[in-house]
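Order of the sequence lines fixes the chain letters, A, B, ..., with proteins taken first and strands second; residue numbering starts at 1 for each chain. What you see below is based on every heavy atom in this structure, not just the backbone, and it leaves out hydrogens, waters and symmetry mates.
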Number of protein chains: 2
Amino acid sequence: MAKPMDVKNCTNFNLRKAARVVTHLYDETLKPSGLRSTQYSLLTVLSLGGAETISNLAHKLVMDRTTLTRNLKPLQLQGWIKRVPGEDRRTRVWTITAQGRKVLAQALPLWQKAQKDTVSLLGKERWNGLLDHLKLTVQKVGLG
Amino acid sequence: MAKPMDVKNCTNFNLRKAARVVTHLYDETLKPSGLRSTQYSLLTVLSLGGAETISNLAHKLVMDRTTLTRNLKPLQLQGWIKRVPGEDRRTRVWTITAQGRKVLAQALPLWQKAQKDTVSLLGKERWNGLLDHLKLTVQKVGLG
DNA sequence: CATTAATATGAGTATATACACCTATTTAGA
DNA sequence: TCTAAATAGGTGTATATACTCATATTAATG
């Protein structure tokens with residue numbers, strides 16, 4: 001059993017370190033598509049969920065609203081998403097464009113490869129366990 | 001069993017999301033010390049490992065060398081670390097200062113609280129599993 | 001109905017991350 | 001020894017992340 005007060009067992013440090021190495025694998029694999037891994041996630045959410053306000057997206061992705069403002073910008077500049085006025089004059093709704101769906105379709109097999117490679121590296125059992133623990137972590141720590 | 005090709009099960013997305021929520025908890029808890037969670041990790045490594053080159057640190061932390069160049073800067077500006085010439089005229093060695101040790105000592109109980117709170121939220125068993133999976137992930141995916 | 005609350009968003013600032021490219025120094029080999 | 005390769009480090013640029021503060025609009029309330 002790991003000892004919580006040993007610095008080597010810092011939850012945050014180990015999480016960020018793992019995120020670095022995994023993001024590197026996904027970014028590298030997605031490179032031919034021109035998408036970063038984070039951008040792939042964003043585009044996918046937009047492609048599945050339809051038009052969404054930035055606040056909705058932020059809540060769904062457990063991400064700060066202002067982070068999304070910056071993250072959506074390069075996608076917009078590439079013409080992969082566009083912003084249209086919402087019903088409420090305060091809100092703006094983001095939708096994926098045809099170009100966005102196109103680049104996403106090209107990225108899909110690459111993402112699938114990244115997933116497959118990760119499962120291969122970890123083993124199916126371990127990969128399942130990792131995902132399980134991560135989801136529980138978001139659930140338990142998230143709304144604190 | 002989670003299905004790898006379901007976007008909701010993207011290893012990278014779930015890892016980054018978990019990192020966001022956990023980092024938020026640690027940053028919030030560490031706030032009175034004036035340290036961010038990442039800075040706490042860096043200072044701790046420097047306090048334990050003695051003088052290190054930036055390349056050594058990067059390897060140890062599984063982090064890009066140039067990331068460290070930027071991350072060390074605010075710590076240097078605060079006077080918590082300092083850079084001295086190494087034996088080789090190419091190398092520069094980083095060491096923690098007395099002020100750095102002081103702020104680290106103040107941050108220690110806060111970090112301990114963050115660890116304790118995280119274990120409480122996840123449960124000891126789950127927390128151990130999470131850490132275990134994260135370490136294995138770094139090990140297996142890291143040197144790819 | 002006028003004022004206040006709440007909601008939706010963006011901008012300024014700062015840190016975190018890393019790739020591509022560059023310089024300086026040391027080491028290895030011809 | 002002289003030169004090419006390896007090593008150590010930094011800068012420019014771009015994205016990722018989020019806090020604080022500011023603005024616009026809507027909803028609530030006296």
Exercise. Considering heavy-atom distances to DNA chain C, does B:Glu87 or A:Asp88 have its closest nucleotide positioned more toward the 5' end?
Worked result: A:Asp88
For this session: Could you check A:Lys31 against B:Gln39 and say which one's nearest nucleotide on DNA chain C is further toward the 5' end?
Result: B:Gln39
Exercise. For residues 95-113 of chain A, which residue pairs qualify under side-chain hydrogen bond (donor to acceptor under 3.5 Å, both in side chains), counting only residues two or more places apart or in two chains?
Worked result: A:Lys113-A:Asp117
Exercise. Between A:Pro74 and A:Val62, which is nearer to the 5' end of DNA chain D once each is assigned its nearest nucleotide?
Worked result: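 Its nearest nucleotide being more 5', the pick is A:Pro74.
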For this session: Report the residue (B:Trp94 or A:Met63) whose heavy-atom-nearest nucleotide on DNA chain D is the more 5′ of the two.
Result: B:Trp94
Value in whole Å for how far the [atom2] atom of [N] lies from [atom1] of [X]:
{"X": "A:Leu57", "N": "D:dT17", "atom1": "CG", "atom2": "C1'", "answer": "16 Å"}
{"X": "A:His59", "N": "C:dT7", "atom1": "NE2", "atom2": "P", "answer": "13 Å"}
{"X": "B:Asn56", "N": "D:dA8", "atom1": "CG", "atom2": "P", "answer": "8 Å"}
{"X": "B:Arg70", "N": "D:dT17", "atom1": "CZ", "atom2": "C1'", "answer": "17 Å"}
{"X": "A:Ile54", "N": "C:dT7", "atom1": "CD1", "atom2": "P", "answer": "18 Å"}
{"X": "B:Lys17", "N": "D:dT17", "atom1": "NZ", "atom2": "C1'", "answer": "16 Å"}
{"X": "A:Gln78", "N": "D:dA14", "atom1": "CD", "atom2": "P", "answer": "12 Å"}
{"X": "B:Arg36", "N": "D:dA16", "atom1": "CZ", "atom2": "C1'", "answer": "12 Å"}

Problem set entry | Side-chain donor-acceptor contact under 3.5 Å, A:Tyr40 with A:Ser33 |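 No, because no side-chain N or O of A:Tyr40 sits under 3.5 Å from a partner of the opposite role on A:Ser33.
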Problem set entry | Donor-acceptor pair between B:Thr11 and A:Trp127 side chains, under 3.5 angstrom |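 The criterion, which ignores hydrogens and geometry beyond distance, is satisfied for A:Trp127 and B:Thr11.
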For this session: Using a cut-off of strictly less than 4.0 Å, decide whether A:Ser55 has a side-chain nitrogen or oxygen near OP1 or OP2 of C:dT7.
Result: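 Negative; the distance criterion is not met.
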For this session: May I ask you to verify if any side-chain N or O of A:Thr53 is less than 4.0 angstrom from the OP1 or OP2 atom of C:dA8?
Result: no
For this session: Determine, step by step, whether B:Thr53 and B:Trp94 satisfy the side-chain contact (heavy atoms from CB on, under 4.5 Å) criterion, reporting the C-alpha distance in whole Å, the side-chain angles of both residues, the deciding distance to 0.1 Å, and the verdict.
Result: CA-CA 6 Å; B:Thr53 66; B:Trp94 291 89; over 6 Å; no
Exercise. Does the pair B:Asn71 and B:Met63 meet the rule for a side-chain contact (heavy atoms from CB on, under 4.5 Å), with working shown?
Worked result: CA-CA 11 Å; B:Asn71 287 3; B:Met63 185 181 289; 3.9 Å; yes
Problem set entry | Selection: residues 40-49 of chain A, any non-hydrogen atom under 4.0 Å of DNA chain D |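 The answer is none.
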Exercise. Under 4.0 angstrom, heavy atoms only, what part of the nucleic acid is A:Thr91 near: base, sugar-phosphate, or nothing?
Worked result: sugar-phosphate
Exercise. NA contact type, B:Arg65, heavy-atom cut-off 4.0 Å: base, sugar-phosphate, or nothing?
Worked result: base
Problem set entry | Chi-angle category of C:dA5 [syn within 90° of 0, anti beyond] | syn
Exercise. Can you check side-chain contact (heavy atoms from CB on, under 4.5 Å) on B:Asn14 and A:Val138, steps first, answer last?
Worked result: CA-CA 8 Å; B:Asn14 281 280; A:Val138 172; 5.8 Å; no
For this session: Both distances under 3.5 Å, Watson-Crick or G-U wobble: report the partner of D:dT26, or none.
Result: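 Pair assignment: D:dT26 / none.
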For this session: Just name whichever nucleotide pairs with C:dA5, Watson-Crick or G-U, keeping both distances under 3.5 Å, else none.
Result: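 C:dA5 is paired with nothing.
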Problem set entry | Residue pair A:Arg20, A:Asp27: steps toward the salt bridge (Lys or Arg N to Asp or Glu O under 4.0 Å) verdict | CA-CA 10 Å; A:Arg20 283 196 294 272; A:Asp27 278 350; over 6 Å; no
For this session: Record whether the side chain of B:Arg90 comes under 3.5 Å of the base of D:dT7 through a donor-acceptor pair of N or O atoms.
Result: yes
Problem set entry | Residues A:Lys8, A:Asp6: salt bridge by 4.0 Å N-O rule | no
Problem set entry | Of the listed nucleotides D:dT17, C:dT17, D:dG10, the one nearest the side chain of B:Thr66 |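 Between D:dT17, C:dT17, D:dG10, the one nearest the side chain of B:Thr66 would be D:dG10.
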